[in-house]
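Only one structure is covered here, and it is reproduced in the block below.
In what follows, chains carry the letters A, B, and so on, assigned in the order in which the sequence lines appear, proteins first and then strands, with residues in each chain numbered from 1.
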Amino acid sequence: MSTQALTNPAVDFSEWYNEVVYRADLADHSPVRGCIIVKPYGYELWDNIKNALDRRFKATGHQNAYFPLFIPKSYLEREAEHVEGFSPELAVVTIGGGKALEEPLVVRPTSETIIGEAMAKWIQSYRDLPLLLNQWANVVRWEMRTRPFLRTTEFLWQEGHTAHATEEEAEAETLQMLDVYADMVVNDAAIPVIRGLKHETEKFAGALRTYTIEAMMGDKRALQSGTSHNLGQNFAKAFNMQYLDKNNQLQNCWTTSWGLSWRVIGGIVMAHGDEKGLKLPPRLAPYQAVIVPIFRNDDERGTVLDAVETLKKALLAADVRVHVDNRDYQPGYKFNDWEMRGVPVRLELGPRDVQNGTVVAGRRDIPGKEGKRFLQQADIAAQVKLLLEEIQANMLAQATAFRDANIFDVHSYDELRSVVEAGGFARGWWNGSNEDIARIKQETSATHRCYPLEQPGGEGVCFMSGKPASQIAIFARAY
RNA sequence: CGGGGUGUGGCGCAGCUUGGUAGCGCGCAGCGAUCGGGACGCUGAGGUCGUGGGUUCGAAUCCCGCCACCCCGACCA
């Protein structure tokens with residue numbers, strides 16, 4: 001519940017972020033280090049994200065399944081790069097039922113191995129391909145420093161796992177799912193993203209290559225918001241995922257995996273939030289509209305609440321997620337509270353509105369009086385739906401304008417330094433070494449975010465090494 | 001793991017130097033008033049002072065140990 005002033009994001013962004021997460025009622029602290037409790041309001045938001053993705057997965061031919069939380073330790077070890085990447089952050093169960101286990105069980109940090117093992121059993125023939133699975137699950141990664149939603153020890157996500165007959169199909173799948181992520185994040189979360197290829201030093205442990213969607217937060221840092229991996233035949237070979245082709249030849253499968261987590265909730269907070277708190281995109285908001293009744297006495301109370309009830313029914317009938325705030329607080333308190341919680345549209349209905357057949361609509365994306373206007377009660381559903389679409393579009397437009405204003409082309413290391421120092425994405429021709437990347441990280445704390453899929457074409461000069469370069473890359477400080 | 005800091009009602013803190021058995025703000029409950037931008041008044045509930053030991057007639061306060069958490073340096077959806 002909100003009380004008074006929120007830390008100004010311009011002054012202390014990370015403190016502001018924490019306050020918003022807790023005061024907007026998304027989450028609470030948990031007794032377990034690095035873990036959070038997701039409260040109903042936050043979970044509803046996750047549910048909406050989940051549904052937005054799930055229907056896209058189904059539309060692209062995927063099916064959901066569920067695999068065990070525990071993975072035999074030896075499975076992780078079958079793919080060399082994979083173990084190396086994940087072993088520092090594993091939680092391992094060594095005792096079960098009071099007895100030491102013969103083989104320790106890893107609490108899944110991701111499920112390539114145990115799903116790979118199963119897929120190997122299920123795939124015999126080219127007729128069994130492609131195999132397109134997805135799992136909604138919790139995973140555990142023992143991180144050193146955690147932040148609510150952005151990096152927690154346990155987190156919720158989905159992980160897609162697919163097997164294909166050819167490298168081309170696997171690559172097409174990897175890119176298709178990247179597009180699915182981009183579509184959801186851009187169109188539902190209203191956050192613009194840059195689709196890109198991860199540098200080899202940043203790719204998933206065990207993958208051939210990793211694609212990413214990178215978003216810019218309100219403090220101009222980057223947030224990797226979803227990743228899609230072409231795993232090549234690495235896991236297929238480690239788990240004997242083989243099939244007989246049409247010529248009766250035994251072939252290794254080509255696999256992919258792709259994941260998006262509740263980190264996106266953190267992205268929504270940080271990409272849209274402001275000094276009043278959370279600002280939710282209408283398509284994902286648990287409540288798209290909240291009605292605040294206003295009255296001074298029992299007489300007014302009766303007529304106002306009648307009108308409110310009518311309004312609510314009309315909106316529900318039009319599939320608007322609406323909530324009536326009947327709490328015994330003053331209206332002003334409620335206005336601030338719902339602004340903190342990011343509700344896109346606030347409807348205020350008082351005695352004067354009952355008289356006039358009107359209702360005051362305030363939009364979260366436009367602060368203060370400017371965002372308020374009168375609507376007619378008679379046609380409320382259509383008007384609110386229109387307003388929600390406007391808000392959705394406006395939020396994306398604002399976030400896009402902000403991002404584009406903070407991407408800078410750099411031609412030298414000095415330029416990169418000053419961009420990173422001032423805040424923003426540095427974009428430039430890149431053909432540097434891994435040592436160069438390490439040095440940039442060391443000296444500026446910026447990392448190679450990706451090679452954007454959209455390239456200018458042609459050739460340039462690497463801003464770091466001075467060597468000829470055929471690709472531009474983006475560097476930024478990231479979460 | 002190295003450095004710095006903090007543990008006192010749900011939250012944020014004061015009290016500790018100079019021991020005498022706990023207080024403030026917010027929140028919470030009841031009543032009243034109020035209600036178109038967080039007003040208010042009265043009454044009230046709620047605390048083994050992180051934990052174990054020691055000193056003392058007496059410890060939130062002094063001493064020793066431990067634990068937890070936070071911030072800063074080496075990993076990441």
Could you state the CG-C1' distance from A:Asn356 to B:rG36, rounded to the nearest angstrom? 13 Å
Between B:rG38 (P) and A:Leu6 (CG): distance, integer Å: 18 Å
Here the distance between atom P of B:rC76 and atom NE2 of A:His199, to the nearest Å, is 14 Å
Reckon A:Thr146 touches a base, only the sugar-phosphate, or nothing at all at heavy-atom distances under 4.0 Å? nothing
Rounded to the Å, how far apart are A:Gln442 CD and B:rC75 C1'? 14 Å
Under 4.0 Å, heavy atoms only, any strand: does A:Val264 hit a base, just the sugar-phosphate, or nothing? nothing
In whole angstroms, how far is the C1' atom of B:rA68 from the CZ atom of A:Arg33? 11 Å
Verify the neighbour count for atom CD of A:Glu443: are there more than 12 heavy atoms of other residues, nucleotides or ligands below 6.0 Å? yes
Nearest-nucleotide 5' precedence on RNA chain B, A:Val360 against A:Leu156: A:Val360
In whole angstrom, what separates A:Arg449's CZ from B:rA77's C1'? 11 Å
Classify the side chain of A:Arg346 and the base of B:rG37 as holding, or not holding, a donor-acceptor pair under 3.5 Å. yes
B:rG36 and B:rA22, which share atom name C1', separated by this distance in whole Å: 44 Å
What verdict does the ring pair (Phe, Tyr, Trp, His ring centres under 6.0 Å) test give for A:Phe204 and A:Tyr211, after you've listed the backbone C-alpha separation in whole Å, the side-chain angles of each residue and the deciding distance to 0.1 Å? CA-CA 9 Å; A:Phe204 178 76; A:Tyr211 295 95; over 10 Å; no
Do any side-chain nitrogens or oxygens of A:Gln330 fall under 4.0 Å of OP1 or OP2 in B:rU34? no
Say you pick atom C1' in B:rU51 and the same atom in B:rC69; how far apart are they, in whole Å? 14 Å
Charged N to carboxylate O below 4.0 Å: is that the case for A:Arg55 and A:Asp188? yes
Please classify the nucleic acid contact of A:Lys276 as base, sugar-phosphate, or nothing, using heavy-atom distances under 4.0 Å. base
Which of these passes side-chain hydrogen bond (donor to acceptor under 3.5 Å, both in side chains) with A:Asp325: A:Trp338, A:Tyr287, A:Tyr333? A:Trp338
A:Phe335 aromatic ring stacked with six-membered ring of B:rG38, 5.5 Å and 30°: no
So, does A:Arg145 get its side chain near the phosphate of B:rC72, meaning an N or O under 4.0 Å from OP1 or OP2? yes
What's the closest nucleotide to the side chain of A:Arg263 if the choices are B:rC76, B:rC35, B:rG37? B:rC76
Polar side-chain contact A:Lys334-B:rG36 base: donor and acceptor under 3.5 Å: no
For a 4.5 angstrom cut-off between non-hydrogen side-chain atoms, does A:Thr113 reach A:Arg78? no
Nearest-angstrom distance, P atom, B:rA60 to B:rU8: 15 Å
Name the closest nucleotide to the A:Arg141 side chain, picking from B:rG37, B:rG38, B:rA77. B:rA77
Sugar-phosphate, base or nothing in reach of A:Glu339, heavy atoms under 4.0 Å: base
Can you tell me the pairing partner of B:rC76 across any strand shown, Watson-Crick or G-U wobble, with both distances under 3.5 angstrom? none
B:rA45 - base-pair partner by Watson-Crick or wobble geometry, distances under 3.5 Å: none
Regarding A:Glu348, tell me which of base, sugar-phosphate or nothing describes its non-hydrogen contacts under 4.0 Å with the strands shown. base
For A:Lys198, answer base if it contacts any base atom (sugar-phosphate contacts may also be present), sugar-phosphate if it contacts only those atoms, and nothing otherwise; contact means non-hydrogen atoms under 4.0 Å. nothing
Before accepting this row, confirm whether a basic side-chain N of the pair A:Asp274/A:Lys276 lies closer than 4.0 Å to the acidic partner's carboxylate O. no
Euclidean distance for C1', B:rC49 against B:rG4 (whole angstrom): 24 Å
It should be established whether A:Tyr329 places a side-chain nitrogen or oxygen under 4.0 Å from OP1 or OP2 of nucleotide B:rC40. no
Quote, to the nearest angstrom, the C1' distance that separates B:rC13 from B:rU18. 22 Å
Donor-acceptor pair (no angle test) under 3.5 Å: A:Asp337 side chain, B:rG38 base: no
Which whole number of Å gives the distance between the C1' atom of B:rU48 and that of B:rG52? 14 Å
Provide the distance between the two C1' atoms, one in B:rG27 and one in B:rC67, to the nearest whole Å. 29 Å
Pair A:Arg373 + A:Glu390: basic N to acidic O under 4.0 Å: yes
Heavy atoms under 4.0 Å, any strand shown: does A:Gly350 hit a base, just sugar-phosphate, or nothing? base
Is B:rC62 paired to anything, Watson-Crick or G-U wobble with both distances less than 3.5 Å, and if yes, which nucleotide? B:rG54
Only pairs with both distances under 3.5 Å count, Watson-Crick or wobble alike; so what is the partner of B:rA68 in this structure? B:rU6
A:Tyr22 OH to B:rC11 P, straight-line distance once rounded to whole Å: 13 Å
Using the closest heavy atom to pick a nucleotide of RNA chain B for each, name whichever of A:Leu349 or A:Gly85 lands nearer the 5' end. A:Leu349
Between C1' on B:rA77 and CG on A:Leu223, what's the gap in Å once rounded to a whole number? 9 Å
B:rA45 to B:rG25 separation - P atoms, rounded to the nearest Å: 16 Å
Base, sugar-phosphate alone, or nothing: which one does A:Asn297 contact when heavy atoms must sit under 4.0 Å apart? nothing
Does any non-hydrogen side-chain atom of A:Lys203 lie less than 4.5 Å from one of A:Leu197? no
